[in-house]
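This report refers to the structure that appears directly beneath it.
A quick note: this is a predicted structure, and the numbers were derived from the prediction, not measured.
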Amino acid sequence: MKRCSSCNTLCEDYATVCTRCGKRLDARQGGQKGSVQTDPYGGRMHDVVIYGNRFDHTREFSPEEISRGKPMAMATYLFGIIGLVMGLLSRDSDYVQFHVRQNVKYLILNWIVAACCLILTGFFVFIGVAVGSFGMLKAGSVFLVLYGIYILVITVLKFICFVWVGQGKAVEALLVRNLGFMRVRNLGSIR
């Protein structure tokens, strides 16, 4: 963790500006500088700090690496498990590995949600059969419908990631970006 010298706030290691006051945390890491805006008459209005998206890691990869790894990164989202295996086998590209990690987050979340839905469905069906209540059987089927809706949402989110890869971006996946496992760290300077 980094500590801001201005407001004493703790920030993530990969942060380049303070999340509270916007002051640059470490000059050696680069980051975006603030710019001075002027009013239409030439006078100085105020300093503007350009905040970056802390989930966007595109600047950590060279344009050559992005263009070289883009097809394989797209395949990780398009072909499911097979795409993940293909991505894992291409160990030479950090850009592909970034997107493999994002897709693995979705896969792990999918397994957790599927297990919960199946357990709850089985529980309600078992209770419904044991008690002879048709209402419990219907309650069990609700979890299967909810799981279907969840799958639709995940499919849309994966499509968004697929489009981002097509645009040459490296943005952490929606919905799972704040989960603690497989946290993305600064991959270093552009090669």
Side-chain angles (χ1 to χ4, degrees), residues 1 9-15 19-20 52-58 60-61 66 68-187:
M1 300 291 282
T9 301
L10 281 177
C11 299
E12 294 291 334
D13 289 330
Y14 55 83
T19 54
R20 175 185 269 173
N53 180 355
R54 69 183 183 120
F55 301 112
D56 188 353
H57 299 272
T58 306
E60 297 171 15
F61 304 101
I66 290 173
R68 190 178 67 242
K70 192 185 292 187
M72 186 60 68
M74 292 175 96
T76 63
Y77 293 109
L78 193 59
F79 298 123
I81 300 274
I82 294 170
L84 278 174
V85 171
M86 290 170 26
L88 286 170
L89 294 176
S90 67
R91 303 291 291 172
D92 58 333
S93 173
D94 287 337
Y95 183 72
V96 173
Q97 294 307 308
F98 172 86
H99 288 288
V100 166
R101 281 193 307 272
Q102 302 314 303
N103 210 355
V104 167
K105 289 179 187 181
Y106 279 136
L107 184 66
I108 292 171
L109 184 65
N110 194 20
W111 287 343
I112 292 169
V113 171
C116 291
C117 285
L118 287 175
I119 289 169
L120 290 170
T121 300
F123 174 75
F124 280 106
V125 168
F126 175 75
I127 297 296
V129 170
V131 176
S133 170
F134 185 68
M136 294 296 265
L137 293 173
K138 287 191 336 188
S141 65
V142 167
F143 290 105
L144 294 177
V145 171
L146 290 175
Y147 183 69
I149 293 169
Y150 163 79
I151 290 297
L152 287 174
V153 169
I154 290 297
T155 303
V156 169
L157 294 178
K158 281 182 151 186
F159 180 74
I160 291 170
C161 291
F162 179 81
V163 169
W164 283 341
V165 172
Q167 295 172 345
K169 295 181 181 178
V171 181
E172 291 184 46
L174 298 169
L175 188 68
V176 293
R177 60 175 48 159
N178 288 324
L179 298 178
F181 63 92
M182 298 182 74
R183 172 97 30 210
V184 174
R185 292 178 187 85
N186 190 347
L187 299 175

K105 and E172 have their tightest heavy-atom pair at NZ-OE1, 3.9 Å
Where is the tightest heavy-atom contact between G87 and Q97, given as atom of each residue plus distance?
-> O-NE2, 2.9 Å
For residues L174 and Y106, determine if any side-chain heavy atom of one lies less than 4.5 Å from a side-chain heavy atom of the other.
-> yes
Can you measure from CG (L146) to SG (C116) and round to the nearest 0.5 angstrom?
-> 12.0 Å
Sub-4.5 Å side-chain heavy-atom contact between I154 and K158 | yes
Where does the angle between the aromatic ring planes of H99 and Y77 fall among parallel (under 30°), tilted (30 to 60°) and perpendicular (over 60°)?
-> perpendicular
Sequence neighbours excluded - ring-ring contact (aromatic ring centres under 6.0 Å, His included) pairs with any residue from residues 150-171 | Y147-Y150
Not counting sequence neighbours, which residues clear side chain to side chain donor-acceptor pair (under 3.5 Å) with K70? List them please.
-> none
Please examine the side chains of Y95 and E60, heavy atoms only from C-beta on, and report whether any two atoms are closer than 4.5 Å.
-> no
Decide yes or no on side chain to side chain contact (heavy atoms under 4.5 Å, CB included) for V104 and L88, but give the supporting numbers first.
-> CA-CA 10 Å; V104 167; L88 286 170; 5.8 Å; no
Take atom CD1 in I127; do more than 12 heavy atoms of anything else shown fall under 6.0 Å from it?
-> yes
Closest heavy-atom pair, G69 versus V96, reported as atoms and distance to 0.1 Å, is O-CG2, 3.4 Å
List the steps, then state whether side chain to side chain contact (heavy atoms under 4.5 Å, CB included) holds for T58 with I66.
-> CA-CA 9 Å; T58 306; I66 290 173; 4.0 Å; yes
Let me see the working for N110 and I151 under side chain to side chain contact (heavy atoms under 4.5 Å, CB included), right down to the final yes or no.
-> CA-CA 8 Å; N110 194 20; I151 290 297; 3.6 Å; yes
Provide the closest heavy-atom pair for D92 versus R68 in the form atom of the first, atom of the second, distance.
-> O-NH2, 4.3 Å
Run the numbers on T76 and Q102 for side chain to side chain contact (heavy atoms under 4.5 Å, CB included), then give the verdict.
-> CA-CA 9 Å; T76 63; Q102 302 314 303; over 6 Å; no
What's the shortest heavy-atom distance between L84 and L107, and which atoms?
-> CD1-CD2, 3.7 Å
